[in-house]
Amino acid sequence: MDIKEAIVNRRSVKHYDPDHVMTEAEIEELMQHAILSPTAFNIQHWRFVQVADKEKRQQIQDASWGQKQVTEASLVLILCADLNAWEKQPERYWAQAPEEVQGFMLPAIANYYTNHHQGQRDECFRSSSLAAMNIMLMAKGMGYDSCPMDGFDFDKVASIINLPHDHIITMMITIGKKKEDARPRSGQLPLNEVFFKDSF
Ligand SMILES: Cc1cc2nc3c(=O)[nH]c(=O)nc-3n(C[C@H](O)[C@H](O)[C@H](O)COP(=O)(O)O)c2cc1C
């Protein structure tokens, strides 16, 4: 599937075949491509929790106002991010770069994020949203459908997955074999309402 086809055909699917099993190899392939998504300063602060345990799935469905895709999907991912990844051995993020690049980047990371709490949090949403799109398009290319979700109680899901105190949840994604098509697109705004040249 080419990129254009994946973009056009990706829809938020709410009904999956509950009996379909995604292989470990498929999950690995999907996630290896998720982590190729870009992050500022290459801090790679996204964290992905696969919820495989049936009981936890049910608890998360209950915390998602009963949305069935949570238990019917072949794969449920909770997208999280580490707010403090920027200061946790940042030399790892530039380990293969030339020394002069490391010498520039490491102080730049500290300079950008230190005491910049809003920026640290915004970065989590930027990065995990980019990873989410990689995941959903990659899934489409692999013959799967997906649904991004934020219709759940974030605090309850945080407690179910034992979220570390300095991480946040950004969204959830369900992935599986479609049992029912998405409804026709509900109405796209015309391009000229959302796309501007030079200024608003
Ligand atoms: C951040 C985000 C959260 C969403 N949360 C939910 C959700 O909780 N449940 C759901 O059924 N769909 C959810 N959606 C799917 C949207 O309803 C859907 O993307 C939108 O209607 C456009 O349809 P499409 O994705 O099929 O193009 C969410 C989408 C996004 C981007």
Side-chain angles (χ1 to χ4, degrees), residues 1-18 20 22 30-31 33-35 37-40 45-54 56-83 118 120-161 163 167-195:
M1 186 178 287
D2 71 13
I3 291 174
K4 189 173 164 184
E5 201 183 340
I7 290 172
V8 170
N9 291 322
R10 181 220 54 84
R11 298 295 316 284
S12 294
V13 164
K14 323 286 169 88
H15 302 281
Y16 301 109
D17 172 1
H20 181 80
M22 241 177 133
L30 181 67
M31 298 315 294
H33 288 81
I35 63 172
S37 59
T39 54
H45 51 159
W46 10 244
R47 302 290 180 261
F48 309 94
V49 178
Q50 173 192 355
V51 183
D53 181 81
K54 282 208 161 91
K56 283 190 197 292
R57 283 271 198 114
Q58 186 59 55
Q59 290 168 2
I60 292 175
Q61 181 172 300
D62 295 345
S64 309
W65 298 286
Q67 297 194 68
K68 275 202 150 169
Q69 63 258 40
V70 177
T71 49
E72 290 184 350
S74 304
L75 179 64
V76 171
L77 296 170
I78 312 295
L79 273 61
C80 310
D82 183 346
L83 287 160
Q118 171 84 37
Q120 292 164 16
R121 191 177 161 85
D122 289 350
E123 210 75 277
C124 288
F125 284 93
R126 271 189 284 275
S127 301
S128 62
S129 298
L130 290 163
M133 207 66 226
N134 262 28
I135 290 169
M136 293 188 290
L137 293 179
M138 184 68 193
K140 192 73 198 164
M142 292 170 67
Y144 285 97
D145 282 284
S146 61
C147 185
M149 290 177 61
D150 65 6
F152 58 90
D153 183 319
F154 279 59
D155 291 337
K156 281 190 184 152
V157 174
S159 132
I160 294 164
I161 64 168
L163 187 78
H167 288 44
I168 57 172
I169 294 177
T170 57
M171 75 183 86
M172 170 157 61
I173 300 180
T174 58
I175 294 164
K177 282 286 175 195
K178 178 170 66 177
K179 203 170 63 180
E180 228 177 81
D181 282 334
R183 290 202 205 99
R185 287 189 190 274
S186 59
Q188 300 304 119
L189 295 175
L191 187 58
N192 67 8
E193 195 178 327
V194 298
F195 181 45

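Each residue takes its place number in the sequence, starting with 1. Remember, it's 1-based here, ligands and their atoms both numbered in the order they're listed. Values reported hereafter were calculated over all heavy atoms of this structure, with side chains retained and with hydrogens, waters and symmetry mates removed.
- I175 pairs with exactly one of L30, D145, V76 by the side-chain contact (heavy atoms from CB on, under 4.5 Å) rule, that one being L30.
- Atoms of ligand 1 found under 4.0 Å from any heavy atom of R11, numbered from 1 in the order shown, are 24 (P), 26 (O), 27 (O).
- In terms of protein heavy-atom proximity, atom 17 (O) of ligand 1 is closest to K14 NZ, 4.4 Å.
- Among protein heavy atoms, atom 21 (O) of ligand 1 sits closest to S186 OG, 4.9 Å.
- The two residues R57 and A73 come nearest to each other via the heavy atoms NH1-O, 2.9 Å.
- The R185 neighbourhood of ligand 1 comprises atoms 27 (O), with distances under 4.0 Å to a heavy atom of that residue.
- Within a 4.0 Å radius of atom 30 (C) of ligand 1, the protein contributes one or more non-hydrogen atoms.
- With hydrogens left out, the protein atom closest to atom 20 (C) of ligand 1 is S12 OG, 4.7 Å, a heavy atom.
- Below 3.5 Å of separation, one finds an N or O of P148 facing an N or O of ligand 1.
- Contacts between C147 and ligand 1 below 4.0 angstrom, taking non-hydrogen atoms only, involve the side chain exclusively.
- Ranking the protein heavy atoms by distance from atom 5 (N) of ligand 1 puts D150 N, 3.0 Å first.
- Relative to atom 9 (N) of ligand 1, the option among M149, Q67, M133 with the closest non-hydrogen atom is Q67.
- Looking at G151 next to ligand 1, an N or O pair under 3.5 Å apart turns up.
- Put simply, no part of M172 is less than 4.0 Å from ligand 1, judged by heavy atoms.
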